[in-house]
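What follows is a short report on a single structure.
Just so it is clear, the model here is predicted, and its values are computed rather than measured. Only heavy atoms go into these numbers, but all of them, side chains included; no hydrogens, no water, no symmetry mates.
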Amino acid sequence: MQPDPLAQLTEIRAIMERSSRFLSLSGLSGVGAGVVALLGTAAGHFYLQGHYPSEYGASGYQHLLASTAAERQAALPFLLLLAGVMVAAALLVAWFFTWRRQQQKGPGQPLWNSLTRRMLVALALPLAVGGAFCLRLYLGGDAGLVVPGLLVFYGLALLNASKFTFDEIRWLGLTQLGLGLVAMLLPGWGVAFFALGFGLGHIGYGLRMYHRYERPGPAGAPAASVLGR
């Protein structure tokens, strides 16, 4: 009986993808990160509203943009603490759902390997540079460009890391870049763009990932195969 060439090519492709791409990333990680971002956005909004009462219809965020350097520095510790909590919570959620998916493929399979390290380095480098750049913008009086800068650098980080994982990460990165460029034209709407990009963007991408690769089918099998995209 002659071997099926198409089946052999499919198997070779599967082996190559498993060795070159991180395919255990869970869509629920994106949903969880989006929920964390929305909660953090709400916390930041209410903090700014409480510390910068609205004047002539302006929001607390818009008041912060027009505030003095001393006022911005006074708000900086809370904003940095909030950002740190959001990042830590999003990473914890991402690790949990990704670890769970990895275990579903086979108990004892390692989550931390050379491919994971390469993907995280590709993601972390633009984020670190972008964080330092946006902090300098904030301290230098260009606070209105902080949210656009965060979106742009995050989009670049996702594009940089997308070659190590699913193609959806690249599209999420392009979405963040587009939102960042539009947000530069509307600096007073930074809170809304932050919630849209980091919150709803992650939730939408996560749901797409989950329904495409993880949602159980009628017999409990994945609804869509990674190799079928």
Side-chain angles (χ1 to χ4, degrees), residues 6 8-34 36-37 86-88 90-106 109-134 148-183 196-215 222-229:
L6 182 59
Q8 288 182 328
L9 289 174
T10 302
E11 185 175 356
I12 292 172
R13 181 182 175 185
I15 294 172
M16 292 178 63
E17 290 219 343
R18 284 195 298 268
S19 62
S20 63
R21 288 195 170 195
F22 183 75
L23 301 179
S24 294
L25 188 63
S26 173
L28 295 179
S29 299
V31 175
V36 168
M86 290 172 61
V87 170
L91 289 175
L92 183 62
V93 168
W95 174 84
F96 172 76
F97 284 112
T98 301
W99 172 82
R100 191 180 71 167
R101 187 181 182 198
Q102 180 82 345
Q103 296 305 305
Q104 289 173 349
K105 292 183 176 182
Q109 290 195 23
L111 183 60
W112 183 257
N113 52 40
S114 60
L115 182 58
T116 308
R117 288 193 294 272
R118 290 198 299 270
M119 184 186 70
L120 291 179
V121 168
L123 184 67
L125 186 58
L127 289 180
V129 174
F133 182 77
C134 290
L150 290 174
L151 289 168
V152 166
F153 277 100
Y154 184 54
L156 293 174
L158 292 175
L159 288 176
N160 198 36
S162 64
K163 57 182 175 288
F164 298 109
T165 185
F166 293 99
D167 292 336
E168 281 80 0
I169 296 294
R170 181 173 69 252
W171 292 109
L172 178 62
L174 291 172
T175 300
Q176 303 293 343
L177 280 173
L179 287 173
L181 294 176
V182 175
L196 183 60
F198 292 103
L200 298 182
H202 274 114
I203 291 175
Y205 133 80
L207 290 175
R208 173 178 170 78
M209 288 273 293
Y210 178 78
H211 284 288
R212 187 173 186 183
Y213 302 120
E214 301 172 60
R215 184 168 58 89
S225 170
V226 173
L227 300 178
R229 67 172 182 270

Show the nearest heavy-atom pair for residues Ala94 and Ser29, with the distance to one decimal. O-OG, 3.2 Å

Where Gly201 and Leu172 come nearest, the two heavy atoms and their spacing: O-CD1, 3.7 Å

Rounded to the nearest 0.5 Å, what separates atom CZ in Phe97 from atom OH in Tyr210? 10.0 Å

Of the non-hydrogen atoms in Ala33 and Val93, which two are nearest, and what is the gap between them? N-CG1, 4.3 Å

Straight-line distance of Leu159 CG to Gln176 CD, nearest 0.5 Å: 10.0 Å

Could you grab the distance from atom CE of Met119 to atom NZ of Lys163, nearest 0.5 Å is fine? 11.5 Å

Going from OH on Tyr213 to CZ on Arg208, what distance comes out if it is rounded to the nearest 0.5 angstrom? 7.0 Å

Full working for side chain to side chain contact (heavy atoms under 4.5 Å, CB included) between Leu123 and Phe164: CA-CA 10 Å; Leu123 184 67; Phe164 298 109; over 6 Å; no

Shortest non-hydrogen contact from Gly149 to Cys134? C-SG, 3.6 Å

Closest non-hydrogen contact found for Val36 with Ala90 is CG1-N, 4.2 Å

Side-chain touch Phe153/Leu127, heavy atoms, less than 4.5 angstrom: no

Parallel, tilted or perpendicular: which one describes the rings of Trp95 and Trp99, with boundaries at 30° and 60°? parallel

Heavy-atom side-chain proximity of Val31 to Leu207 below 4.5 angstrom: yes

Between Leu151 and Leu177, is any pair of side-chain heavy atoms under 4.5 Å apart? no

If I take atom CZ from residue Phe198 and atom CG from residue Leu179, how far apart are they, to the nearest 0.5 angstrom? 9.5 Å

Under a 4.5 Å cut-off applied to non-hydrogen side-chain atoms, are Arg100 and Leu28 in contact? yes

Determine whether the side chains of Thr98 and Ser26 contain a donor N or O and an acceptor N or O closer than 3.5 Å. no

Could you give the distance from CG (Leu156) to CG (Leu174), rounded to the nearest 0.5 Å? 10.0 Å

Looking at Asn160 and Ala122, would you say the former's side chain and the latter's main chain have a donor-acceptor pair under 3.5 Å? yes

